[in-house]
A.B. asks: 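Pasting in a structure now, in structure tokens, and then I'll have a few things to ask.
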Amino acid sequence: MTDQRQIIDQTERRSAHNYNPLPLVLEKGEGIWVWDTDGNKYLDCLSAYSAVNQGHCHPKIIEAMIKQARKITLTSRAFHNDQMGIFLEKLCQMAKMDKALPMNTGAEAVETAIKAVRKWGYEIKGVEDNKAEIIVVRDNFHGRTMATVSMSSEPDYRKNFGPFMPGFKLIDYNDLTALAQAITPNTVALIMEPIQGEAGIIIPDEGYLTEARKICKQNEVLFVLDEIQTGLGRTGRLFCFQHEENATPDVLIVGKALSGGVYPVSAILASDKIMDVFTPGIHGSTFGGNPLGAAIGLAALQVIEDENLAERSQILGDYLMRKLQTIRTNKIIEIRGRGLFVGIELDKSLGGARSYCEALMKKGILCKETHEHVIRLAPPLVIENEHIDLIVDKIAEVLKD
Ligand SMILES: *Cc1c(COP(=O)(O)O)cnc(C)c1O
């Protein structure tokens with residue numbers, strides 16, 4: 001038995017303190033379960049921010065990884081490899097898009113989308129040199145690189161990281177009038193999340209995506225959705241935009257669960273016309289599209305399809321919402337969600353959701369507070385009804401008046 005305290009002390013001594021993890025040390029995972037180094041078992045309700053939708057160490061994804069790792073892992077894009085094509089074929093078919101450009105982390109895919117829409121703006125829309133504007137929405141989360149924090153409105157993400165990248169215009173989320181007013185002849189794209197995850201599971205009004213897309217189309221502005229967290233089954237559809245009619249984006253950004261939680265794989269998807277702005281030498285990544293990542297990504301997509309994870313998310317998410325509504329407490333302000341993407345907003349007078357996440361940890365449920373007052377519930381999509389009963393029982397216990 002290892003002493004968790006000792007491991008945490010060493011980790012804290014030697015690592016930058018850019019996170020504030022719950023005080024436990026995990027060493028094993030299987031499906032919805034994870035174990036700490038003392039052998040205690042927990043139900044994972046975070047799924048590594050929805051990167052493990054398929055469940056921890058899914059045997060088919062691990063098998064694909066090991067099989068590919070024994071053959072070849074990295075070729076660079078200087079040569080073709082025999083895995084990238086079949087992976088992108090599957091991804092494009094599932095997303096009903098023409099082409100994909102593979103990267104590694106989510107933030108890199110967002111950066112790639114920014115480059116794509118700017119280049120499209122100059123070369124196809126005809127925007128004057130260096131004048132391109134991209135509209136983004138308040139409280140967004142698109143990652144931690146300099147471009148993605150330049151898009152952010154969150155003081156914590158930005159403080160003392162300036163100067164920021166110009167060319168972003170911030171408007172309120174869920175405000176179509178603001179969108180219409182923000183567009184100028186230089187606007188090349190609107191980039192946003194269809195549900196704001198890190199902001200606390202903020203769901204826009206019904207029809208918002210459809211209307212936003214329409215306004216973009218009318219003004220020759222690309223409609224770009226960051227589905228890194230909401231995509232691949234999380235909200236009860238394969239992609240969150242499918243909850244609305246005619247809300248298909250021009251550029252779709254995916255990551256997180258595209259890796260099955262195994263190895264970073266991200267991508268942007270778009271039409272031939274947009275993607276063809278990329279020509280040899282103008283963009284790239286040493287690891288993007290590598291055969292190991294591609295084999296893992298293909299297996300991760302296959303599992304989502306074979307196990308009907310989007311449908312499961314819808315059915316079990318509805319069940320979770322119904323059960324949560326039965327909790328009798330005055331600590332909850334609102335419960336909101338789509339599929340197995342649920343936020344429980346606590347009364348601000350309680351001093352934040354952190355202490356409740358710590359109490360849940362002691363009861364074997366792992367959650368992480370988001371935006372201070374919200375408990376996010378996003379378990380792996382392979383979860384069963386009985387486990388949802390367990391989660392709701394424990395939440396009821398920690399929130400009882
Ligand atoms: C997690 C996330 C990102 C960033 O992904 P990384 O892999 O951490 O770089 C971007 N956008 C959204 C919506 C996310 O949830």
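Just so you know, ligand 1 is whichever comes first in the structure, and atom 1 is the first atom listed for that ligand. The analysis underlying the following values was restricted to heavy atoms, covering all of them including side chains, and did not include hydrogens, waters or symmetry mates.
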A.B. asks: Under 4.0 Å from a heavy atom of His142: which atoms of ligand 1 are those, numbered in the order shown and with their elements?
C.D. replies: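 Answer for ligand 1: 10 (C), 11 (N).
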
A.B. asks: Looking only at distance, does Glu193 have an N or O less than 3.5 Å from an N or O of ligand 1?
C.D. replies: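 Between Glu193 and ligand 1, no N or O pair is found under 3.5 Å apart.
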
A.B. asks: What are the atoms of ligand 1, with element, lying closer than 4.0 Å to any heavy atom of Ala107?
C.D. replies: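 Listed by number with element: 4 (C), 5 (O), 6 (P), 9 (O).
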
A.B. asks: When you check the side-chain N and O atoms of Asn186 and Thr184, is any donor under 3.5 Å from an acceptor?
C.D. replies: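 There is no such pair (donor and acceptor under 3.5 Å, judged by atom type) between the side chains of Asn186 and Thr184.
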
A.B. asks: Just go through Ile253, Asn140, Asp226 and tell me whose heavy atom is the nearest to atom 12 (C) of ligand 1.
C.D. replies: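 Considering heavy atoms of Ile253, Asn140, Asp226, the nearest to atom 12 (C) of ligand 1 sits in Asp226.
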
A.B. asks: Hey, mind stepping through His387 and Trp33 against ring pair (Phe, Tyr, Trp, His ring centres under 6.0 Å) and telling me if it holds?
C.D. replies: CA-CA 10 Å; His387 307 128; Trp33 303 106; 5.5 Å; yes

A.B. asks: Out of the candidates Val117, Leu179, Val224, only one should pair with Leu190 under the side chain to side chain contact (heavy atoms under 4.5 Å, CB included) rule; please name it.
C.D. replies: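 That would be Leu179; it is the only one of Val117, Leu179, Val224 passing the side chain to side chain contact (heavy atoms under 4.5 Å, CB included) with Leu190.
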
A.B. asks: Checking side chain to side chain contact (heavy atoms under 4.5 Å, CB included) against Asn81, which of Thr75, Ile72, Leu74 comes through?
C.D. replies: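 For Asn81, the side chain to side chain contact (heavy atoms under 4.5 Å, CB included) check succeeds only for Thr75.
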
A.B. asks: With only distance considered, is Gly106 within less than 3.5 Å of ligand 1 through an N or O on each side?
C.D. replies: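 Between Gly106 and ligand 1 (N or O atoms, distance only) the closest approach is under 3.5 Å.
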
A.B. asks: With distance as the sole criterion, is a donor-acceptor pair present between the side chains of Asn53 and Arg234 under 3.5 Å?
C.D. replies: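 Arg234 and Asn53 do have a side-chain donor-acceptor pair below 3.5 Å.
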
A.B. asks: Quick check on atom 8 (O) of ligand 1 - does any protein heavy atom sit closer than 4.0 Å to it?
C.D. replies: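 Under 4.0 Å from atom 8 (O) of ligand 1, zero protein heavy atoms found.
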
A.B. asks: Can a non-hydrogen atom of Phe141 be found less than 4.0 Å from any atom of ligand 1?
C.D. replies: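 Under 4.0 Å: yes for Phe141.
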
A.B. asks: Please compare Lys256, Met103, Glu198 and report which has the shortest non-hydrogen distance to atom 15 (O) of ligand 1.
C.D. replies: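 Nearest heavy atom to atom 15 (O) of ligand 1 lies in Lys256.
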
A.B. asks: Salt bridge check, Lys90 against Glu305: does any charged N sit closer than 4.0 Å to a carboxylate O?
C.D. replies: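 Judged by the 4.0 Å cut-off on N to carboxylate O distance, Glu305 and Lys90 do form a salt bridge.
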
A.B. asks: In terms of side-chain heavy atoms, does His58 have a donor or acceptor partner in Glu307 at a distance below 3.5 Å?
C.D. replies: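 Glu307 and His58 do have a side-chain donor-acceptor pair below 3.5 Å.
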
A.B. asks: Hey, is Glu108 touching ligand 1 through its side chain, its backbone, both or neither, going by heavy atoms under 4.0 Å?
C.D. replies: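 No part of Glu108 comes within reach of ligand 1.
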
